[in-house]
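Heads up: the structure comes next, in structure tokens.
All of these numbers come straight from a predicted model, not from anything done at the bench. Below, chain A is the first sequence line, B the second, and so on; all start at residue 1.
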There are 2 protein chains.
Amino acid sequence: MTLRIEADGRAATGAPAVVRLDPRERILTAAYALFSRRGIRDVGVDELIRESGVAKATFYRHFPSKDDLALAFLERRDHVWTTGYVVAEAMRRADTAEQRLLAVFDVFDEWFQREDFEACSFVNVLLEMGAGHPLGQACVDYLGRIRNQLRRWGDEAGLADTEAFANSWHLLMKGAIILAAEGDRQAASRARTMAGWLLEAHRPRPEAAG
Amino acid sequence: MTLRIEADGRAATGAPAVVRLDPRERILTAAYALFSRRGIRDVGVDELIRESGVAKATFYRHFPSKDDLALAFLERRDHVWTTGYVVAEAMRRADTAEQRLLAVFDVFDEWFQREDFEACSFVNVLLEMGAGHPLGQACVDYLGRIRNQLRRWGDEAGLADTEAFANSWHLLMKGAIILAAEGDRQAASRARTMAGWLLEAHRPRPEAAG
DNA sequence: GCGGGTAGACAGACCTGTCTTTCTTTCCAG
DNA sequence: CTGGAAAGAAAGACAGGTCTGTCTACCCGC
């Protein structure tokens with residue numbers, strides 16, 4: 001069923017027998033690399049088919065329009081980045097919900113140091129296309145999913161008012177990302193400090209008076 | 001020297017004798033309205049000249065390229081929005097530096113309720129064009145000026161470590177703007193709460209041990 | 001007359017999306 | 001196992017639109 005494949009989905013030059021991904025996968029792989037770094041509008045269909053080594057007719061067979069591909073990219077971003085990187089790393093690094101919430105900023109810190117740091121695609125595309133565009137709306141949805149995860153962790157940690165908590169926590173995450181996009185390498189640790197205060201404020205008071 | 005003019009720089013239909021701004025000003029006025037709401041790429045030169053009621057040759061006489069106009073727009077945004085609205089309103093509403101810092105979030109709260117809320121043009125354009133593009137670099141510069149203002153207020157309030165303070169404060173501002181762009185009307189008050197903790201943390205301890 | 005404005009044609013590049021033609025792979029009947 | 005149909009992919013021309021930027025032609029006020 002599964003197939004061992006090259007990371008970029010293409011055969012290396014001179015290596016004729018390397019397994020080649022199916023076209024749809026190659027298109028998505030190229031789209032992920034290009035869209036996540038340069039946004040949607042700046043990447044044309046011609047560049048996408050060149051990078052994925054696919055014919056134009058094949059491209060349009062799998063994705064009726066460029067926007068359809070962009071939607072598929074956002075879905076993959078949610079799967080690869082949100083779920084597969086940030087959440088997975090936070091869960092790997094900590095055992096309790098509270099520690100996992102804080103670990104998000106440790107993951108961010110590692111992420112911000114990468115020279116190919118590309119900021120948050122959901123925020124990028126939302127601002128690029130506007131909240132009225134279907135792609136912008138999809139970004140709002142995926143950002144909402146992130147807040148849902150934060151809220152679940154907040155509930156699990158027994159925090160108070162986790163709806164507001166998740167929004168404020170997300171504010172810190174996004175603020176840190178923008179600050180990092182401007183070049184501040186300590187953005188994550190600044191956010192983590194403030195996150196600690198937020199956590200404290202939402203901890204239920206033990207001597208809760210009936 | 002100065003001239004009383006219509007806000008949009010154009011004569012109303014059927015009012016022939018209304019003062020008409022000079023072409024450069026009309027172009028800039030139209031550019032401000034369009035660029036601040038829709039970004040740079042989404043607005044074409046044809047739309048700009050149509051909205052400003054100017055001939056194409058006139059446009060290119062005053063601005064050799066669209067990017068030159070975009071740079072002039074960012075400069076005006078700094079003047080009109082940063083200096084003329086956020087900073088001016090904060091100073092009008094409060095007398096002390098500390099209160100002025102907090103008042104920024106009151107101004108934001110008012111701003112976020114406007115239905116034509118357009119988020120921060122410097123962040124929008126930075127993410128749209130990338131930090132490598134001259135326009136993106138200009139945005140980084142203007143955002144840096146905002147942090148300089150925050151730092152000056154921090155110094156004036158006698159806070160400790162105002163460099164880090166300004167960065168963290170700016171993180172809260174930008175996080176609030178993105179959260180508001182997603183539709184959270186309470187984004188400003190959430191940020192203000194956290195800003196209060198940040199202020200407390202940077203207040204020099206009165207019993208400083210020698 | 002001349003500098004600056006208006007109006008709009010035009011060039012050349014690029015964009016998305018369609019279509020044609022040729023080649024390869026797969027799969028099923030016999 | 002083989003022949004052949006059918007599906008999918010490669011390569012690229014092409015259409016129709018949009019974009020930035022140039023250029024011509026005319027007009028008006030100083």
Side-chain angles (χ1 to χ4, degrees), chain A residues 1 3 5-6 8-11 13 16-31 34-35 38-73 125 128-130 133-135, chain B residues 3 5-6 8-11 13 16-31 34-35 38-74 125 128-130 133-135:
Chain A
M1 205 63 163
L3 203 58
I5 47 164
E6 297 297 311
D8 66 351
R10 292 197 295 170
T13 314
V18 170
V19 172
R20 208 174 153 88
L21 287 176
D22 64 289
R24 187 170 210 281
E25 192 54 34
R26 274 184 288 155
I27 296 168
L28 264 173
T29 302
L34 293 170
F35 284 157
R38 309 218 322 257
I40 308 296
R41 280 172 152 82
D42 196 39
V43 179
V45 172
D46 282 339
E47 185 173 5
L48 284 163
I49 68 171
R50 197 187 327 123
E51 289 299 310
S52 53
V54 137
K56 210 164 198 179
T58 306
F59 177 96
Y60 280 100
R61 180 190 316 281
H62 289 286
F63 302 97
S65 76
K66 184 187 163 185
D67 277 8
D68 286 300
L69 174 61
L71 281 172
F73 153 69
V125 175
E128 180 182 1
M129 312 302 286
H133 193 282
L135 288 174
Chain B
L3 202 58
I5 47 165
E6 297 297 310
D8 66 351
R10 292 196 296 169
T13 314
V18 171
V19 173
R20 210 176 152 86
L21 289 174
D22 63 291
R24 189 172 208 279
E25 192 54 34
R26 273 184 289 156
I27 296 167
L28 264 172
T29 301
L34 294 170
F35 284 159
R38 311 221 318 258
I40 307 297
R41 279 172 152 87
D42 196 39
V43 179
V45 172
D46 283 338
E47 186 173 5
L48 285 162
I49 67 171
R50 196 186 331 123
E51 289 298 310
S52 53
V54 137
K56 211 165 198 178
T58 306
F59 178 97
Y60 279 101
R61 183 191 314 280
H62 289 285
F63 301 98
S65 76
K66 184 187 163 185
D67 276 8
D68 287 298
L69 174 61
L71 281 173
F73 154 67
L74 291 174
V125 175
E128 180 181 1
M129 312 302 286
H133 193 282
L135 287 175

Starting at atom [atom1] of [X], determine the distance to atom [atom2] of [N], rounded to an integer number of angstrom.
X: A:I27; N: D:dA9; atom1: CD1; atom2: C1'; answer: 10 Å
X: B:R24; N: C:dG4; atom1: CZ; atom2: P; answer: 14 Å
X: B:D22; N: C:dG5; atom1: CG; atom2: C1'; answer: 12 Å
X: B:R41; N: C:dT16; atom1: CZ; atom2: P; answer: 12 Å
X: A:H62; N: D:dA10; atom1: NE2; atom2: P; answer: 8 Å
X: A:F59; N: C:dT16; atom1: CZ; atom2: C1'; answer: 9 Å
X: B:L69; N: D:dG21; atom1: CG; atom2: C1'; answer: 14 Å
X: A:F63; N: D:dA9; atom1: CZ; atom2: P; answer: 11 Å

For a quick test of reading the model, state the closest non-hydrogen atom pair linking A:Y60 to A:S65 and the distance between them.
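The answer is CE2-CA, 4.2 Å.
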
About how many Å separate CG of B:L71 and NZ of B:K66, when rounded to the nearest 0.5 Å?
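It is 12.5 Å, given to the nearest 0.5 Å.
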
Looking at CD1 of A:I40 and CG of A:L34, how far apart are the two atoms once the value is rounded to the nearest 0.5 Å?
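Rounded to the nearest 0.5 Å, the CD1-CG separation comes to 10.0 Å.
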
So, does [X] get its side chain near the phosphate of [N], meaning an N or O under 4.0 Å from OP1 or OP2?
X: A:K56; N: D:dG12; answer: no
X: A:R50; N: D:dG12; answer: no
X: B:R26; N: C:dT6; answer: yes

Counting only side-chain heavy atoms from C-beta out, which of [options] sits nearest to [X]?
X: A:A57; options: C:dG17, C:dT20, C:dA7; result: C:dT20
X: A:K66; options: C:dG17, D:dG8, D:dA10; result: C:dG17
X: A:R61; options: D:dA11, C:dT18, D:dG8; result: D:dG8
X: B:Y60; options: C:dT16, D:dT20, D:dA10; result: D:dT20

Which residue, A:T58 or A:I49, contacts DNA chain D at a nucleotide closer to its 5' end, judged by nearest heavy atom?
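It is A:T58, whose closest nucleotide lies nearer the 5' terminus.
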
Test: A:R38 and B:E128 ion pair at under 4.0 Å
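The answer is no: the pair does not qualify as a salt bridge.
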
Between A:L48 and A:I27, is a side-chain contact (heavy atoms from CB on, under 4.5 Å) present by the stated rule, with each step listed?
CA-CA 7 Å; A:L48 284 163; A:I27 296 168; 5.7 Å; no

